[in-house]
Novice: 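So that we are looking at the same thing, I have put the structure below in structure tokens.
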There are 2 protein chains.
Amino acid sequence: MRKPSRMPIGLRLANTAKTVGRAFDDTLAAAGGSSPVWLVLLTLKTQAMASQREIAAAVGIQGATLTHHLNGMERDGLITRTRDPENRRVHQVRLTGQGEEMFHRLATAAQAHDERLREGFTEDELETLEKLLTRLQANVTAPREGA
Amino acid sequence: MRKPSRMPIGLRLANTAKTVGRAFDDTLAAAGGSSPVWLVLLTLKTQAMASQREIAAAVGIQGATLTHHLNGMERDGLITRTRDPENRRVHQVRLTGQGEEMFHRLATAAQAHDERLREGFTEDELETLEKLLTRLQANVTAPREGA
DNA sequence: TATTGTTATACTCTATAACTATA
DNA sequence: TATAGTTATAGAGTATAACAATA
């Protein structure tokens, strides 16, 4: 006879994500950034030639929401937006020097956060955790019969 | 030689929580509720005699934020607030009949969500996941030398 | 017509500061 | 003075709908 999990796994996940996410937000804020700004910068550096549609998809937000963040980032001198001469509908988003600096500052902060997070975990445990999280996400992403 | 985790675990956690959380929000919304309302109702049913301070702590929000939600829930007829005659500073929050109904509706929705989430997981895996999440949270909750 | 992105507007959750009532 | 809670205000993140520009 085994004692079942006493708490819904979704609630456990939400609690953990809330606590960890707030700690991360604090870390980013101390470095002068925020979570969406960091995700946008990371996407720009990782997927160099991304259109705004692609960036929004990568960050997991709507296009209009991305525009909102890009407006702020442009105002703060982190990015520039210019039209693509090949297809003038597309706006090319590029990092400025300040944007590069911000990226590196936030990358450092993010790395410190992640090292703190990993403390006491073995590589195997991290891999296990990552796989379990992926499966959890898949369960919710998979199309349902009813939908 | 082992291949290290390719993605920061914090990012993996945030992604999963975002996807799963949104699915849960949709589920609750379809049942006429929301995440904070569900957490408040759950706390009221679980810790019967909670003061607002305790409810706020259990839900993980500030007192003023809780007041905001309770105002909405009172307006919607889910709860009543009366002063405790023993200590008139304390407000006793109680579920109305409608509040009970809402609780059961959301509980059903939450259970369905969690069953979907657990699909394909063994009890052992869920327990492992729960323990790993708890350790992750502890890493961020623990006091730092620098703080 | 379809696609890319912006503008206008608004909603939800959250928070801090100042306040009232009570002890 | 200290505690419980509320009010006023604001800010961050997100979203939808309507629109403009381009293809």
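Below, chain A is the first sequence line, B the second, and so on; all start at residue 1. Side-chain atoms are counted along with the backbone in the values below, which use heavy atoms only and exclude waters and symmetry mates.
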Novice: Ignoring backbone atoms, establish whether A:H69 has a side-chain N or O less than 4.0 Å from OP1 or OP2 of D:dA12.
Specialist: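 So the side chain of A:H69 is outside the cut-off, no N or O lying under 4.0 Å from OP1 or OP2 of D:dA12.
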Novice: Checking the side chain of A:T96 only, and the main-chain atoms of A:G77 only, is there a donor and an acceptor separated by less than 3.5 Å?
Specialist: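 Present.
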Novice: Return a single string for nucleotides 15-23 of chain C, one symbol per nucleotide in 5' to 3' order, where B is base contact, S is sugar-phosphate-only contact and - is none, cutoff 4.0 angstrom on heavy atoms.
Specialist: BBB---SBS
Novice: For A:Q111, look at atom CD and say whether over 12 heavy atoms of other residues, nucleotides or ligands are found less than 6.0 Å away.
Specialist: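 No, the 6.0 Å shell around CD holds no more than 12 heavy atoms from other groups.
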Novice: Using whole Å, what does the distance between atom P of nucleotide C:dC13 and atom CG of A:D25 come to?
Specialist: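 In whole Å, C:dC13 P and A:D25 CG are 17 Å from each other.
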Novice: Before giving the answer on side-chain contact (heavy atoms from CB on, under 4.5 Å), spell out for B:L13 and B:L133 the whole-Å C-alpha distance, their side-chain angles and the decisive distance to 0.1 Å.
Specialist: CA-CA 9 Å; B:L13 173 67; B:L133 288 176; 4.1 Å; yes
Novice: Within this structure, what is the CZ-to-C1' distance between A:R53 and C:dT6, rounded to whole angstrom?
Specialist: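 In whole Å, C:dT6 C1' lies 14 Å from A:R53 CZ.
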Novice: Within the pair A:S34 and D:dG13, is there a side-chain N or O less than 4.0 Å away from OP1 or OP2?
Specialist: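 Looking at the OP1 and OP2 atoms of D:dG13, one of them is under 4.0 Å from a side-chain N or O of A:S34.
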Novice: Measure the distance from CG on B:N71 to C1' on D:dT7 and round it to the nearest whole Å.
Specialist: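 Distance, rounded to whole Å: 9 Å.
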Novice: Could you state the atom-to-atom distance from NE2 of B:H91 to P of D:dT3 in whole Å?
Specialist: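 Those two atoms, NE2 and P, are 17 Å apart.
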Novice: What residue among B:Q92, B:Q52, B:R94 forms side chain to side chain contact (heavy atoms under 4.5 Å, CB included) with B:R81?
Specialist: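 Of B:Q92, B:Q52, B:R94, side chain to side chain contact (heavy atoms under 4.5 Å, CB included) with B:R81 is met by B:Q52 alone.
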Novice: Run the numbers on B:F103 and B:L44 for side-chain contact (heavy atoms from CB on, under 4.5 Å), then give the verdict.
Specialist: CA-CA 10 Å; B:F103 171 78; B:L44 285 174; over 6 Å; no
Novice: Let's go through A:T134 and B:R12 carefully: what are the C-alpha distance in whole Å and the side-chain angles of both, what is the deciding distance for side-chain contact (heavy atoms from CB on, under 4.5 Å) to 0.1 Å, and is it a yes or a no?
Specialist: CA-CA 8 Å; A:T134 301; B:R12 192 91 257 314; 3.6 Å; yes
Novice: Is the distance from OP1 or OP2 of D:dT6 to the nearest side-chain N or O of B:Q52 less than 4.0 Å?
Specialist: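 True: B:Q52 side-chain N/O within range (under 4.0 Å) of D:dT6 OP1/OP2.
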Novice: When you measure from every atom of DNA chain C, which of residues 35-43 of chain A have a heavy atom less than 4.0 Å away?
Specialist: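 Those residues: none at all.
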Novice: When the ring planes of A:H113 and A:F24 are compared, do they come out parallel, tilted or perpendicular, using 30° and 60° as the limits?
Specialist: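 The rings of A:H113 and A:F24 sit tilted, inter-plane angle from 30° to 60°.
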Novice: Between D:dT6, D:dG13, D:dT14, which nucleotide gets closest to the side-chain atoms of B:K18?
Specialist: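 Per side-chain heavy atoms of B:K18, the pick is D:dT14.
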Novice: Starting from P on C:dC13, measure out to CG on B:L28 and report it in whole angstrom.
Specialist: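 One finds 10 Å between P of C:dC13 and CG of B:L28, rounded.
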Novice: Crowded around B:R53 CZ? As in, over 12 foreign heavy atoms under 6.0 Å?
Specialist: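 12 or below, so no.
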Novice: Whole angstrom is fine here: how far is it from CG in A:L66 over to C1' in D:dA12?
Specialist: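 Rounded to the whole Å, the gap is 16 Å.
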Novice: Going through the checks in order, is the side-chain contact (heavy atoms from CB on, under 4.5 Å) test met by B:L129 and A:L136?
Specialist: CA-CA 10 Å; B:L129 176 55; A:L136 221 46; 3.7 Å; yes
Novice: Measure the distance from CE on B:M73 to P on C:dC13 and round it to the nearest whole Å.
Specialist: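 So the two atoms are 12 Å apart, to the nearest Å.
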